Amino acid sequence: MKIYDEKHIKNVVFVGAHGSGKTTLSETMLFEAGLINRRGTIEEKNTVSDYHDIEQERGTSVFATPLHTEWRNYKINIIDTPGLDDFIGEIISSIRVSDTVVNVINGRHGCEIGTEIIWSYIDKYHKPMLFVVNQIDHEAADFEQSFNSLKKLVGNNVVKVQYPIKIDGAQGIVDVLKMKLYKFGPDGGKPEKLAIPDSEKEKADQLHNELVEKAAENDEELLELFFDKGTLNEDEMRQGIKAGMLNHDLFPVFCVSALNDMGTGRLMGFIDNVAPSTVDLKPEQSIEGTPVEHKKSAPTSLFVFKTFHQPNVGQVTFFKVNSGTVNINDRFVNSNNGETETINQLFIMDGKDRNSVSQLTVGDIGATLKLKYTETGDTLAEKGFGVTMKPIRYPESRITKVVLATNKNEEEKLSEALKKIHSQDPTVVINFSKETKQLLLGCQGELHLATVKWMLKNIYGLDAEFKKPKIAYRETVQRSSTANYRHKKQSGGSGQFAQVHLKIEPWYEGIEEPEGFNIRGKEVVALPWGGTLVFYNCIVGGAIDLRFLPSVMKGVLEVMESGPLTNSYIRDVRVMVYDGKMHTVDSNDISFKIAGAHAFKEAFLNSNPKLLEPTNKLTVKVPEDMVGNVMTDLQSRRAIIQGISSEGQYQILNCMCPAAELYGYSTALRSLTQGRATFSSVFSSYEPVPSNIQADLVKQSDLEEMEV
């Protein structure tokens with residue numbers, strides 16, 4: 001396979017709403033370049049990129065798939081991504097390694113929900129981007145409506161390079177950069193290049209001038225040239241458009257019919273000649289602060305943006321060459337863990353097909369097999385070049401389920417399978433809760449969850465159940481209380497004896513020391529589950545020997561690990577041990593541990609105990625016209641709305657909401673807003689549970705204990 005230099009490699013990622021035509025466009029680009037002899041279709045389940053069984057079964061992209069095409073001595077690496085935001089992890093990692101984002105728009109629908117969601121990530125990464133309005137030859141297509149919806153989304157920096165027309169019953173595209181008309185036959189393919197007809201001349205001239213002005217705005221030399229000449233030639237316009245794309249200030253709009261191969265050749269030509277390549281991008285800052293320059297002469301570094309476990313092959317690792325060159329048998333240090341890896345094989349991937357190469361240079365995207373210590377987000381660098389690229393930031397899970405094997409003997413096998421799924425899709429989050437003793441699976445939505453279930457069944461041969469997770473409540477006290485307990489046990493020989501008097505009170509940061517006690521010692525314990533225990537030695541006159549106090553505290557901590565209300569952890573309590581009795585022969589550590597535990601439990605139950613529930617900081621981004629319904633739903637979930645701000649056509653609702661009320665929220669919000677709203681949720685604090693709900697939870701806990 002031909003080796004391309006860094007200036008002739010372009011990396012584009014196809015993003016867009018579900019059904020916009022990304023997979024069809026990538027297939028047509030491969031066909032147009034002659035890399036495939038026949039175009040596959042989603043219906044026939046034979047496209048290059050949607051090759052996984054689950055994609056063919058569902059008729060939609062689930063994974064981001066790297067492939068490539070070649071056009072006029074340029075290599076274009078394409079990553080075809082899913083259109084549903086349940087698979088946002090695949091989209092984000094692909095955007096991260098792209099040079100240019102190609103945002104595909106369905107010409108019948110214009111800017112859609114998926115377009116809006118994906119735009120926020122493109123804008124965050126400040127990536128160069130162009131729009132492609134697809135399906136222009138469809139009878140229901142409306143290019144002007146589509147363009148206006150894009151303008152509403154990204155502002156006045158969106159600019160037409162092309163627009164479609166009908167001419168003599170045939171599909172045409174007017175190109176205002178080249179000032180040509182492309183006229184297509186019914187089967188598409190290579191068009192006739194014609195002069196722009198008189199009926200379109202005035203419109204084309206106006207759009208050409210707008211494009212000239214936009215191009216000139218992004219380069220001071222071009223701006224001066226524009227003022228001197230009043231125009232720019234085609235090469236100068238290309239220069240200005242490229243500068244605008246690099247500045248994230250100019251978003252060109254093209255039009256195609258991917259299905260009927262109209263306009264794809266011109267699009268590839270623009271990607272070749274104008275769209276930025278890796279060497280045009282600014283140096284990337286490493287975590288260490290060392291800039292990684294995108295140069296062939298620089299030390300080699302690779303960024304791993306995707307891993308995939310392929311049956312009968314093993315782990316396939318996809319990477320971008322950030323600097324230098326990589327050859328077969330090169331050895332690299334994984335900057336994230338210090339392990340050394342050897343690149344024994346080197347590939348260009350086209351869907352499931354692996355094409356061997358001997359070398360890849362800066363800016364290229366490739367793959368290798370069977371790396372032992374490398375995962376998604378890792379950096380591989382040549383020895384002595386200690387750089388670590390910033391990790392990919394994935395969104396928090398939107399739904400969480402308990403996952404368990406239907407066959408209890410396969411729990412370990414399930415755990416291993418989930419680890420592999422997580423390694424190739426970090427938005428699948430696996431945690432084991434020691435508190436609730438449940439294996440928790442976090443993902444982005446119901447479809448994402450269904451995909452995980454499909455993979456477990458069809459790839460790993462596992463049947464799994466998914467259930468609602470338990471909520472990790474906390475218990476605490478609301479007032480002071482005293483108690484004492486005598487432990488006495490005699491069974492021949494040395495017995496057991498201990499008596500403990502103690503007082504408990506609520507604890508909070510900055511609280512004054514307790515009054516009425518002779519404080520002889522104090523221990524502050526930061527509890528592993530959060531919160532604090534402050535334990536005071538207030539013994540006077542040696543009623544309890546000092547050596548037994550740690551045992552009393554052990555007894556207290558034992559109760560705090562399984563509170564009397566719902567067996568939840570207890571937090572934020574202070575305990576004053578102020579009196580007791582001991583026996584010279586029968587007193588020992590276990591006796592005082594038991595006495596301390598019983599005394600603490602009795603005092604706790606008499607202190608008006610309160611359940612605390614985890615409360616999340618919830619941020620909801622919702623279209624202005626849908627705010628009312630969303631707020632009504634939030635109030636029904638006991639959410640407190642703390643503030644509202646605006647972001648374009650959206651309202652941002654900042655709320656505090658009990659975690660228990662967020663179960664199923666992803667599905668409910670999608671239903672309420674037709675999928676147009678998004679949310680993020682992170683743990684904030686523990687807050688008191690309302691009394692009526694506490695009563696129900698305590699009753700439920702008692703019933704569960706009786707069943708056990």
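In what follows, every heavy atom counts, from backbone to side chain, and hydrogens, waters and symmetry copies are set aside. As the structure is a prediction and not an experimental result, all values here were calculated from the model.
- Proximity of Ile399 to Cys443: side-chain heavy atoms (C-beta onward) are separated by under 4.5 Å at one or more points.
- Counting heavy atoms from C-beta on, the side chains of Thr388 and Ser286 never come closer than 4.5 Å.
- Proximity of a side-chain donor or acceptor of Asp572 to a complementary backbone N or O of Pro506 within less than 3.5 Å is not detected.
- Within 6.0 Å of NZ in Lys408 there are more than 12 heavy atoms belonging to other residues, nucleotides or ligands.
- A donor-acceptor pair shorter than 3.5 Å can be found between the side chains of Thr374 and Asn334.
- Within a 6.0 Å radius of CD in Glu412, no more than 12 heavy atoms belonging to other residues, nucleotides or ligands are found.
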Apply side-chain hydrogen bond (donor to acceptor under 3.5 Å, both in side chains) to the pair Ser591 and Asn588, showing each step before the final yes or no. CA-CA 5 Å; Ser591 300; Asn588 52 31; 2.6 Å; yes
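- We find the CG-CG distance between Asp463 and Leu414 to be 10.5 Å, quoted to the nearest 0.5 Å.
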What verdict does the side-chain hydrogen bond (donor to acceptor under 3.5 Å, both in side chains) test give for Ser607 and Gln478, after you've listed the backbone C-alpha separation in whole Å, the side-chain angles of each residue and the deciding distance to 0.1 Å? CA-CA 6 Å; Ser607 63; Gln478 297 187 96; over 6 Å; no
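- Considering CG of Asp85 and OG1 of Thr678, their distance stands at 8.0 Å, rounded to 0.5 Å.
- Between Tyr485 and His598, the ring planes are parallel. Angles under 30° get that label, and only those over 60° would be called perpendicular.
- Ion pairing of Arg474 with Glu435 is present here, as a side-chain N (NZ or NE/NH1/NH2) and a carboxylate O approach within less than 4.0 Å.
- Between Tyr569 and the choices Tyr473, Tyr686, Trp529, the ring-ring contact (aromatic ring centres under 6.0 Å, His included) rule is met once, by Trp529.
- Side-chain atoms of Phe548 and Val577, non-hydrogen and from C-beta on, never get closer than 4.5 Å to each other.
- Ring geometry, His52 versus Phe63: the interplanar angle falls from 30° to 60°, so the pair is classed tilted.
- Side-chain N or O atoms of Thr376 include one that pairs as donor or acceptor with a backbone N or O of Ser423 at under 3.5 Å.
- Inspection of the Thr632 and Asn629 side chains reveals no N or O donor paired with an N or O acceptor under 3.5 Å.
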side-chain hydrogen bond (donor to acceptor under 3.5 Å, both in side chains) evaluation trace for Ser645 with Glu647: CA-CA 7 Å; Ser645 58; Glu647 186 179 299; over 6 Å; no
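- A salt bridge does not link Arg638 with Glu687: none of the charged nitrogens is closer than 4.0 Å to a carboxylate oxygen.
- If you take CD1 on Ile92 and OG1 on Thr81, they are separated by 11.0 Å, rounding to the nearest 0.5 Å.
- In this structure, Ser684 and Asn616 have side chains that are not in contact, with every pair of non-hydrogen atoms separated by 4.5 Å or more.
- Asn484 places no side-chain N or O within 3.5 Å of a backbone atom of Val500 that could act as its donor or acceptor partner.
- Using a 4.0 Å cut-off between charged nitrogen and carboxylate oxygen, Lys413 and Glu416 do not count as a salt-bridge pair.
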Would Glu613 and Leu697 count as a side-chain contact (heavy atoms from CB on, under 4.5 Å) here? Give the steps. CA-CA 11 Å; Glu613 62 184 345; Leu697 290 169; over 6 Å; no
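- Paired with Leu533 under the rule side chain to side chain contact (heavy atoms under 4.5 Å, CB included), one option of Met560, Arg574, Arg571 passes, and it is Met560.
- By the neighbour-count criterion of 12 heavy atoms within 6.0 Å, atom CD1 of Ile640 is sparsely surrounded, having that number or fewer from other residues, nucleotides or ligands.
- Checked options Thr317, Asp378, Val316; the residue passing with Thr307 is Thr317 (criterion: side chain to side chain contact (heavy atoms under 4.5 Å, CB included)).
- In this structure, CD1 on Ile539 lies 6.0 Å from CG on Asn537, to the nearest 0.5 angstrom.
- The shortest distance between side-chain heavy atoms of Val552 and Phe535 falls below 4.5 Å.
- The backbone N or O of Ser481 lies less than 3.5 Å from no partner atom in the side chain of Asn606, so there is not a single donor-acceptor pair.
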Starting from the C-alpha separation in whole Å, work towards a yes-or-no answer on side-chain contact (heavy atoms from CB on, under 4.5 Å) for Asp545 and Phe592. CA-CA 10 Å; Asp545 198 279; Phe592 275 97; over 6 Å; no
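- By the 4.5 Å heavy-atom criterion applied to side chains, Pro688 and Leu612 are counted as neighbours.
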Step by step, work out the side-chain contact (heavy atoms from CB on, under 4.5 Å) result for Arg58 and Thr451. CA-CA 10 Å; Arg58 294 181 177 174; Thr451 301; 2.8 Å; yes
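- For Tyr665, the side chain to side chain donor-acceptor pair (under 3.5 Å) test picks out no residue, with sequence neighbours left out.
- In summary, of the residues considered (His583, Lys488, Lys581, Arg486), a side-chain hydrogen bond (donor to acceptor under 3.5 Å, both in side chains) with Gln499 occurs for Arg486 alone.
- Side chain of Gln496 to backbone of Lys489: no donor-acceptor contact under 3.5 angstrom is found.
- Rounded to the nearest 0.5 angstrom, Ile421 CD1 and Lys453 NZ are separated by 13.0 Å.
- Look at Lys522 and Glu513 and you find a salt bridge, because one of the NZ, NE, NH1 or NH2 atoms lies within 4.0 Å of a carboxylate O, short of that distance.
- Side chains of Glu475 and Thr566 form a contact here, defined as non-hydrogen atoms less than 4.5 Å apart.
- A donor-acceptor pair is defined here as one N or O able to donate and one able to accept, closer than 3.5 Å; such a pair exists between the side chain of Ser587 and the backbone of Phe497.
- Counted within 6.0 Å of NZ on Lys610, heavy atoms from surrounding residues, nucleotides or ligands total more than 12; the atom is thus considered enclosed.
- The distance from atom CD1 of Ile117 to atom NZ of Lys621, rounded to the nearest 0.5 Å, is 9.0 Å.
- Formation of a donor-acceptor pair under 3.5 Å by the Ser94 side chain with backbone atoms of Glu90 is found in this model.
- With sequence neighbours excluded, the residues forming a side chain to side chain donor-acceptor pair (under 3.5 Å) with Glu558 are Lys593, listed by chain and number.
- For the residue pair Ser397 and Gln444, no side-chain donor N or O sits within less than 3.5 Å of a side-chain acceptor on the partner.
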Any chance you could lay out the side-chain contact (heavy atoms from CB on, under 4.5 Å) test for Trp507 and Val573, step after step, and finish with the verdict? CA-CA 5 Å; Trp507 177 89; Val573 178; 5.7 Å; no
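- The 12-atom threshold is not exceeded at NZ of Lys601, counting heavy atoms of other residues, nucleotides or ligands nearer than 6.0 Å.
- With Thr115 contributing its side chain and Glu112 its backbone, the two residues share a donor-acceptor pair below 3.5 Å.
- No close placement of the Tyr460 and His309 rings is indicated, their centers lying 6.0 Å or farther apart.
- Relative orientation of the Phe600 and Phe604 rings is tilted, given thresholds of 30° and 60° on the angle between their planes.
- The side-chain heavy atoms of Val452 and Lys401, taken from C-beta on, include no pair separated by under 4.5 Å.
- Sorted by first then second residue, the ring pair (Phe, Tyr, Trp, His ring centres under 6.0 Å) pairs that include residues 399-456, not counting sequence neighbours, are Phe87-His448.
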